[in-house]
Amino acid sequence: MAKRVSLSGNEAVAFGMKQINPDVVAAFPITPSTEVPQYFSQFVANGQVDTEFVPVESEHSAMSACLGAAAAGGRVMTATASAGLALMWEMLYVGASMRTPLVLAVTNRALSGPINIHNDHSDTMGARDSGWIQLYSESAQEAYDNLIQAVRIGEHKDVQLPVMVCYDGFITSHAVENLEMLEDADVKNFVGENRIAPYALLGKEPMSMGPLDLPNHYFEHKRLQAEAMKNAKNVILEVAAEYEKLSGRKYSFFEEYKMEDAEAAIVVINSTAGTAKYVVDNLRAQGKKVGLIKIRVFRPFPAEEIAKALKNVKAVAIMDKLDGFSASGGPLFNEVRSAMYGVADGKIVTSYIYGLGGRDVTSVNIEKVYSDLFSAIETGKYEVYNYLGVRE
Amino acid sequence: MGKLVEIRWHGRGGQGAKTASLLLAEVAFNTGKYIQGFPEYGPERMGAPITAYNRISDDPITIHSNIYEPDYVVVVDETLIKSVPVTAGLKENGAVIINTSKSPEEIKKELNYNGKVYTIDARKISEETLGAYFPNTPMLAAVVKITEVVSVEVFLNDIEASFKHKFANKPQVVPKNMEAVKRALEEVKGNE
């Protein structure tokens with residue numbers, strides 16, 4: 001039986017970690033993620049988990065300690081945000097290439113500068129090529145559900161990769177809302193009591209991990225790493241199907257909302273998708289054919305599936321909550337547009353950079369995007385690169 | 001979609017407006033509603049103006065923005081009305097609930113708002129029942145009475161249980177808090 005609860009995103013993640021009961025958590029606090037290690041260390045102090053909690057002096061050390069524990073075969077979790085993730089950067093790549101599964105909960109927060117504690121996606125989007133699987137979450141419920149599934153996805157024998165579970169700082173991390181939590185025993189059964197590590201520093205056949213890799217082998221190791229990321233696609237769907245049986249909640253690479261006959265669509269990530277659903281409902285009530293694609297899995301990138309989902313639209317706006325400073329749109333825009341090439345050609349495809357540094361994203365903002373799309377369909381005239389909700 | 005009630009709280013850091021909004025969310029949650037309770041975070045410090053929000057509905061709530069056209073505005077500190085546009089966007093058929101010793105007619109002159117104005121002297125009630133200034137509890141009770149997001153009867157049972165839980169180590173304060181709640185329910189008054 002699921003429990004109906006009201007929790008903030010950070011509480012939901014901390015309680016999810018308690019139910020998962022990992023072997024090791026090494027963490028360093030940073031706004032707006034701080035509550036996660038704070039609540040979790042209380043569970044440790046109260047003896048409610050068996051976890052070894054390692055308080056460290058920086059995020060670089062947090063990730064290093066996590067990698068050491070995961071390399072030894074442990075089930076490992078941590079949490080961070082923004083500059084904390086940036087300080088982990090070097091070790092993110094080491095973790096992915098050592099093929100050490102671990103779960104990192106990221107409350108998305110803008111990167112400095114100027115310093116800003118509020119939400120955008122510049123932190124995790126910057127880490128998109130680090131080799132980590134990335135799952136994004138619209139709500140506290142999805143952060144909780146993604147966290148539990150992340151354990152199984154990363155630890156799968158065909159994957160063996162670390163996983164980031166991303167949710168919006170403050171908007172999701174600090175807002176209390178309704179969600180359903182699984183029973184402790186169900187989570188325990190779902191993730192399995194212990195991680196089964198096919199290779200590790202410890203055990204009957206201890207292995208060296210992460211040594212020097214010269215031109216004779218480095219490329220082959222990278223090729224295997226790329227294959228693991230490809231394998232993750234099937235595993236993500238398998239784990240989602242199993243999780244749906246347990247929870248009744250359906251997950252895939254992305255959510256298609258009222259896309260069946262949509263002429264104008266938005267592709268978006270995290271909490272703004274919820275606001276956009278509200279707008280889609282209102283516009284649908286007025287007879288407008290609008291839809292929404294909410295990305296859950298950004299790495300591996302479900303290119304074929306997204307292109308297929310956009311095959312029948314006339315116009316699509318792709319929204320990035322960061323500016324990649326490429327001078328040609330954000331990363332989600334570029335990847336979705338590239339995925340469409342040769343599969344969903346001849347569409348109007350536009351980029352919207354929005355919500356930087358916590359700029360509130362309202363239903364009025366989203367209505368404007370749909371209105372721009374219909375205007376583009378009717379007149380054929382439009383700007384490809386747009387900024388939404390900024391003073392110019 | 002069922003009726004969605006949107007509430008915006010204005011207070012000062014340290015007065016517990018955020019906590020009150022979370023308590024209201026909890027009270028509504030306990031009656032089976034869908035809820036959101038969230039503060040707008042800024043450079044937090046004692047005495048600085050803060051804003052907190054509630055959405056309460058019979059149906060799931062997906063919208064995740066701040067609230068610009070609330071049904072109700074709650075002002076925990078009346079000095080804020082000089083520096084913060086507390087009634088901005090407030091629906092004409094909504095209401096403002098303000099912590100003040102003034103009458104609704106008097107305080108209305110200081111507010112740029114044509115709708116209903118309710119007052120509650122949360123300071124007086126708090127000091128007389130709890131012996132100190134904790135405006136939270138009386139404000140919460142006044143908000144429940146005016147917004148009717150839950151019935152008063154259900155609220156009284158629920159809040160007593162949560163006080164008993166919260167003050168498990170000092171049960172003698174539970175009746176005092178309940179008195180503050182009951183007085184607030186009686187003493188909140190409007191200009192209808």
Side-chain angles (χ1 to χ4, degrees), chain A residues 4-11 31-32 107 109 115-119 137-142 167-180 255 257 268 270-282 285 292 294 321 354-355 358-367 389, chain B residues 1-9 13 16-45 48 50-70 88-89 140 149-150 158 162 165:
Chain A
R4 178 182 173 273
V5 292
S6 68
L7 295 175
S8 72
N10 280 344
E11 287 172 324
T31 301
T107 49
R109 164 185 155 184
I115 194 164
N116 178 297
I117 59 168
H118 291 278
N119 169 249
S137 324
E138 177 188 323
S139 58
Q141 179 77 68
E142 292 191 5
Y167 55 105
D168 283 344
F170 291 114
I171 301 167
T172 307
S173 68
H174 283 65
V176 170
E177 52 187 31
N178 300 53
L179 66 146
E180 279 187 7
E255 179 187 351
Y257 190 75
V268 70
N270 275 7
S271 66
T272 302
T275 305
K277 284 176 183 172
Y278 169 83
V279 173
V280 167
D281 290 346
N282 287 345
L292 164 79
K294 178 188 79 194
K321 209 169 190 182
Y354 74 102
R359 175 65 50 86
D360 196 28
V361 186
T362 65
S363 55
V364 175
N365 293 142
I366 304 294
E367 281 160 14
Chain B
M1 191 163 164
K3 194 180 168 228
L4 170 69
V5 176
E6 295 184 307
I7 302 170
R8 189 173 67 209
W9 298 72
K18 177 196 159 186
T19 308
S21 76
L22 296 182
L23 282 171
L24 181 67
E26 195 61 31
V27 164
F29 172 83
N30 289 341
T31 67
K33 302 263 188 189
Y34 287 90
I35 55 98
Q36 283 182 349
F38 56 102
E40 189 173 337
Y41 282 87
E44 283 164 87
R45 56 209 187 279
I50 66 126
T51 311
Y53 303 94
N54 282 121
R55 285 192 179 92
I56 297 167
S57 174
D58 294 326
D59 296 313
I61 306 164
T62 65
I63 191 162
H64 280 109
S65 64
N66 294 341
I67 294 167
Y68 298 92
E69 292 175 357
L140 176 65
V149 290
V150 301
D158 197 72
S162 77
H165 177 72

Next item on the list: Below 4.5 Å from any heavy atom of chain A, which atoms of Leu22(B) appear? Answer side chain, backbone, both or neither.
Entry: side chain
Check: Checking Tyr53(B) against chain A: side chain, backbone, both or neither under 4.5 Å from a heavy atom?
Finding: neither
Check: Can you name the side-chain hydrogen bond (donor to acceptor under 3.5 Å, both in side chains) partners of Lys294(A), sequence neighbours left out?
Finding: Glu138(A), Glu142(A), Glu255(A)
Next item on the list: Taking all heavy atoms of His64(B) and all of Thr275(A), pick out the closest pair and write down the distance.
Entry: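 Of all heavy-atom pairs spanning His64(B) and Thr275(A), the closest is N-OG1, 2.8 Å.
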Next item on the list: Would you name the heavy atoms of Thr62(B) and Gly274(A) that are closest together and state the gap between them?
Entry: OG1-O, 2.8 Å
Item checked: Contacts of type salt bridge (charged side-chain N to carboxylate O under 4.0 Å, His left out), residue Asp360(A), not counting sequence neighbours -> none
Note to self: List the residues meeting ring-ring contact (aromatic ring centres under 6.0 Å, His included) with Tyr34(B), not counting sequence neighbours, and say none if there are none.
What the structure shows: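 ring-ring contact (aromatic ring centres under 6.0 Å, His included) list for Tyr34(B), sorted by chain: empty.
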Next item on the list: Tabulate, in ascending numerical order, the residues of residues 23-32 of chain B having at least one heavy atom closer than 4.5 Å to a heavy atom of chain A, or enter 'none'.
Entry: Glu26(B), Phe29(B), Gly32(B)
Next item on the list: Could you tell me whether a side-chain N or O of Asn178(A) sits under 3.5 Å from a main-chain N or O of Lys33(B), the two making a donor and an acceptor?
Entry: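 Judged by distance alone, yes, a pair lies under 3.5 Å.
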